[in-house]
Amino acid sequence: MSAPDPAAASSEKLNFIETAIRQDLAKGRFTGVLTRFPPEPNGYLHIGHAKSICLNFSLAEKYGGTCNLRLDDTNPVKEDTEYVDSIMNDIRWLGFDWNNLHYASDYFEQLYQWALQLIRDGKAFVCDLSVDQTRQYRGSVTEPGRNSPYRNRKPDENLDLFQRMRDGEFPDGTRTLRAKIDMGSPNLNLRDPVMYRILHATHHRTGNQWCIYPMYDWAHGQSDSLENISFSICTLEFENHRPLYDWFCENLGIHHPRQIEFARLNMTYTVMSKRKLLQLVTEKHVSGWDDPRMPTIVGLRRRGYTPESIRAFCEDIGVAKFNSTIDMVKLENSIRNHLNAIVERRMAVLDPVKLTITNWPADKTEMLQAINNPEDPAGGTRMVPFDGSLWIEREDFREEAPRKYFRLKKGGAVRLRYGYIIDCYDVVKDDQGNVVEILCHYDPSTHSGQGQSSRKCKGTIHWVSRKHAREVEVRLYDRLFTVEKPEATNEGTFLDCLNPDSLVVSTAFVEPSLLDFPPGTAVQFERQGYFCVDRDTRPGSHVFNRTVGLRDSWGKLEAKGKVD
RNA sequence: GGCCCAAUGGUGUAAUUGGCAACACGAUAGAUUCUGGUUCUAUUAUUCCAGGUUCGAGUCCUGGUUGGGCUACCA
């Protein structure tokens with residue numbers, strides 16, 4: 001990759017992070033852009049992580065640098081290899097590849113040595129205060145803290161105690177190693193923060209090798225430093241931690257990356273906190289982490305989202321320090337945008353009603369040519385079987401309809417996609433008065449592709465031959481919550497906002513060729529939406545997930561009563 | 001009652017770092033269309049408030065308002 005030319009890019013729009021990067025590069029604070037994505041392996045990655053992933057990897061790539069993947073595994077009681085595996089899969093699926101793979105746990109020994117250095121320098125001490133006492137001594141947001149009675153222990157005693165902490169002499173919670181900074185600081189993070197706690201727990205990588213574990217603040221910046229990271233990009237809640245980040249690097253005299261904070265992603269009609277997502281899974285409100293309604297990467301993937309669409313979305317929403325909430329329609333727009341360009345079209349009837357063409361020759365089947373993707377001439381065509389006995393969409397017929405309804409109505413005409421114009425002359429009803437069959441004549445002179453001379457009509461509807469149709473399962477997904485900001489409701493009650501109709505399972509009649517699509521394939525059901533073949537598909541039992549519906553301007557008009 | 005951060009259309013991000021507020025999405029109106037899809041055109045803003053500096057302020061300064069974060073031996 002060639003070196004970046006800042007001048008060449010001067011006219012492009014930069015976000016505040018890039019502005020900072022260019023300044024640092026220009027000043028010579030750093031010679032390159034080395035970033036990292038540092039997830040804690042305690043849950044599945046979601047769309048919010050995707051924003052961070054795209055940011056870190058794209059920035060590195062743009063400036064000719066590299067991006068590491070680092071698993072921030074400093075808390076053995078919460079973390080698990082299951083999550084490590086899923087994180088790596090998700091990043092690769094998104095289309096990124098890390099320069100180096102690291103684990104914070106790989107640095108435990110180095111961290112320990114650095115802790116020794118701070119102790120010798122009189123900048124860290126072993127504290128015997130209990131959890132409660134530590135909290136009391138810390139003071140509050142408006143009151144300064146008080147020095148720990150153990151704060152002035154001599155380095156030799158601290159060294160001895162710290163060694164014995166490591167050796168496992170003391171039970172959990174009895175002692176900590178703390179940095180000696182300033183109990184009077186208005187920034188609580190600087191009030192002699194805990195660096196190590198005693199935790200007799202088995203770590204998913206280091207096993208029982210350690211019984212003291214570093215805290216985030218002590219591990220994170222030092223890991224960045226060891227990897228020679230230049231820009232340590234994190235979310236806004238770490239803003240108040242930056243002085244501590246800087247303090248550790250300065251007092252250790254080691255490579256000092258620049259921490260830059262940005263606003264995490266929030267989206268309407270979903271939740272993003274790991275705790276709430278975990279709760280949805282464990283309480284079985286969804287089928288799992290990869291339930292297509294989840295905002296997780298695996299969920300979006302199973303829903304039918306493409307990596308390209310997610311990357312385009314992340315690019316589109318930008319990055320700033322303002323706490324914003326992105327409208328879900330923005331995400332939906334990005335997947336429609338991508339799928340519209342690349343995906344083949346098929347006809348599928350989701351809510352069927354019979355339509356019979358009474359002047360169609362008995363037993364005749366005609367093969368009609370249909371375009372696979374009007375957006376892509378290279379997509380070619382396919383043949384679709386047509387005859388006089390069809391399924392059409394129930395909502396494509398009305399006995400009486402408003403003026404602007406230009407689908408089929410009694411006494412009216414409509415074009416059958418890729419087929420003929422038909423005229424409806426009667427309907428058959430059941431005892432309850434429901435229409436069970438629509439009777440039509442077809443106009444042989446209106447065969448698709450006939451050209452200008454043929455008869456025109458406003459509406460076109462999709463259909464499937466009853467004889468040739470295949471029955472499949474469709475899973476119609478909708479937003480998981482009924483309110484824009486479920487997280488804004490009181491603690492725990494976000495579950496009250498769950499959308500009971502977020503999944504509707506149904507059957508559909510589809511073109512025969514749809515059965516050839518392997519799991520994962522995306523397709524547009526014409527006039528309906530984008531669907532993909534679910535991994536639950538088995539021979540003879542096909543399952544389609546609705547990724548997102550097509551934009552529906554008729555539906556909007558009708559909902560507003562502006563149809564007449 | 002402290003500290004830190006932020007504020008630009010309905011939503012989200014820009015604005016050559018002090019020089020005609022732009023782009024995307026949404027919405028609305030229209031055109032095209034054998035998908036009410038796609039595509040195309042048009043419309044959509046007293047830059048949170050009040051002062052100040054300046055020839056000139058979205059941008060700089062002061063004060064205020066509103067929102068977010070900080071009081072785990074979580075990250």
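All figures in this text were calculated on a predicted structure; none of them were measured in a lab. Heavy-atom basis, side chains included; hydrogens, waters and symmetry copies ignored. Naming convention: chains lettered A, B, ... in sequence-line order (proteins, then strands); numbering from 1 in each chain.
- Using a 4.0 Å cut-off on heavy atoms, the residues of residues 368-385 of chain A that approach RNA chain B are A/Pro374, A/Glu375, listed by number.
- Using atom C1' as the reference point in both B/rG37 and B/rA31, the two lie 16 Å apart (nearest Å).
- A/Asn42 comes within 4.0 angstrom of no nucleic acid atom, judged by non-hydrogen atoms across all strands.
- A cation-pi arrangement is present between A/Arg146 and A/Tyr137 under the rule of less than 6.0 angstrom and at most 45 degrees off the ring axis.
- Ring geometry for A/Tyr112 against A/Phe162 counts as parallel: the plane angle stays under 30°, on a 0 to 90° scale with 60° as the upper cut.
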Show the distances under 3.5 angstrom between N or O atoms of the protein and N or O atoms of nucleotides 18-25 of chain B.
residue : atom : partner  : partner atom : Å
B/rA24  : N3   : A/Lys330 : NZ           : 3.1

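- In summary, the side chains of A/Thr446 and A/Arg415 do not present any donor paired with an acceptor at a separation below 3.5 Å, with no hydrogens or angles considered.
- Across all strands, A/Tyr405 comes closer than 4.0 Å to base atoms (heavy-atom distances).
- The side chain of A/Ser324 places an N or O atom within less than 4.0 Å of a non-bridging phosphate oxygen (OP1 or OP2) of B/rU13.
- Listed by first and then second residue, the side-chain hydrogen bond (donor to acceptor under 3.5 Å, both in side chains) pairs that reach into residues 171-184 of chain A are A/Asp128-A/Arg175, sequence neighbours excluded.
- Applying a 4.0 Å cut-off to non-hydrogen atoms, none of the residues of residues 263-273 of chain A approaches RNA chain B.
- Here A/Val77 lies out of heavy-atom contact (under 4.0 Å) with every strand.
- For A/Ala320, taking side-chain heavy atoms from C-beta onward, the closest of the listed nucleotides B/rG36, B/rA14, B/rU17 is B/rA14.
- For the pair A/Asp80 (side chain) and A/Pro41 (backbone), a donor-acceptor distance under 3.5 Å is absent.
- At a threshold of 4.0 angstrom between heavy atoms, the contacts of A/Thr325 are confined to the sugar-phosphate backbone, with no base atom among them.
- Among the protein residues, A/Arg336 comes within range of no part of the nucleic acid, since none of its heavy atoms lies under 4.0 Å from any strand.
- Taking atom P on both B/rC70 and B/rA75, the two are 15 Å apart, rounded to the nearest angstrom.
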Open item on the list: One character per nucleotide, please: for nucleotides 63-75 of chain B, 5' to 3', B when the base has a protein heavy atom closer than 4.0 Å, S when only the sugar-phosphate does, - otherwise.
Closed with: -----SBBSSBBB

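- For the C1' atoms, the distance linking B/rU59 with B/rU17 amounts to 8 Å, nearest Å.
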Task: Working for side-chain hydrogen bond (donor to acceptor under 3.5 Å, both in side chains), residues A/Arg479 and A/Thr270 - done: CA-CA 7 Å; A/Arg479 38 192 57 148; A/Thr270 191; over 6 Å; no

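- A donor-acceptor contact under 3.5 Å links the side chain of A/Gln524 to the base of B/rU35.
- The strand RNA chain B forms stems, runs of 3 or more Watson-Crick or G-U wobble pairs with distances below 3.5 Å, at B:2-7 with B:65-70, B:10-13 with B:22-25, B:26-31 with B:39-44, B:48-52 with B:60-64.
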Open item on the list: Evaluate A/Arg398 against A/Glu558 for salt bridge (charged side-chain N to carboxylate O under 4.0 Å, His left out), listing each step before the verdict.
Closed with: CA-CA 14 Å; A/Arg398 300 267 176 96; A/Glu558 196 173 39; 2.7 Å; yes

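- The C1' atoms of B/rA14 and B/rG9 are separated by 13 Å, rounded to the nearest whole Å.
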TODO: Evaluate the criterion side-chain hydrogen bond (donor to acceptor under 3.5 Å, both in side chains) for residue pair A/Glu261 and A/Gln259; output intermediate values, then yes/no.
DONE: CA-CA 7 Å; A/Glu261 311 86 12; A/Gln259 175 180 305; 3.0 Å; yes

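- Between the side chain of A/Arg407 and the base of B/rG36, at least one donor-acceptor pair of N or O atoms lies under 3.5 Å.
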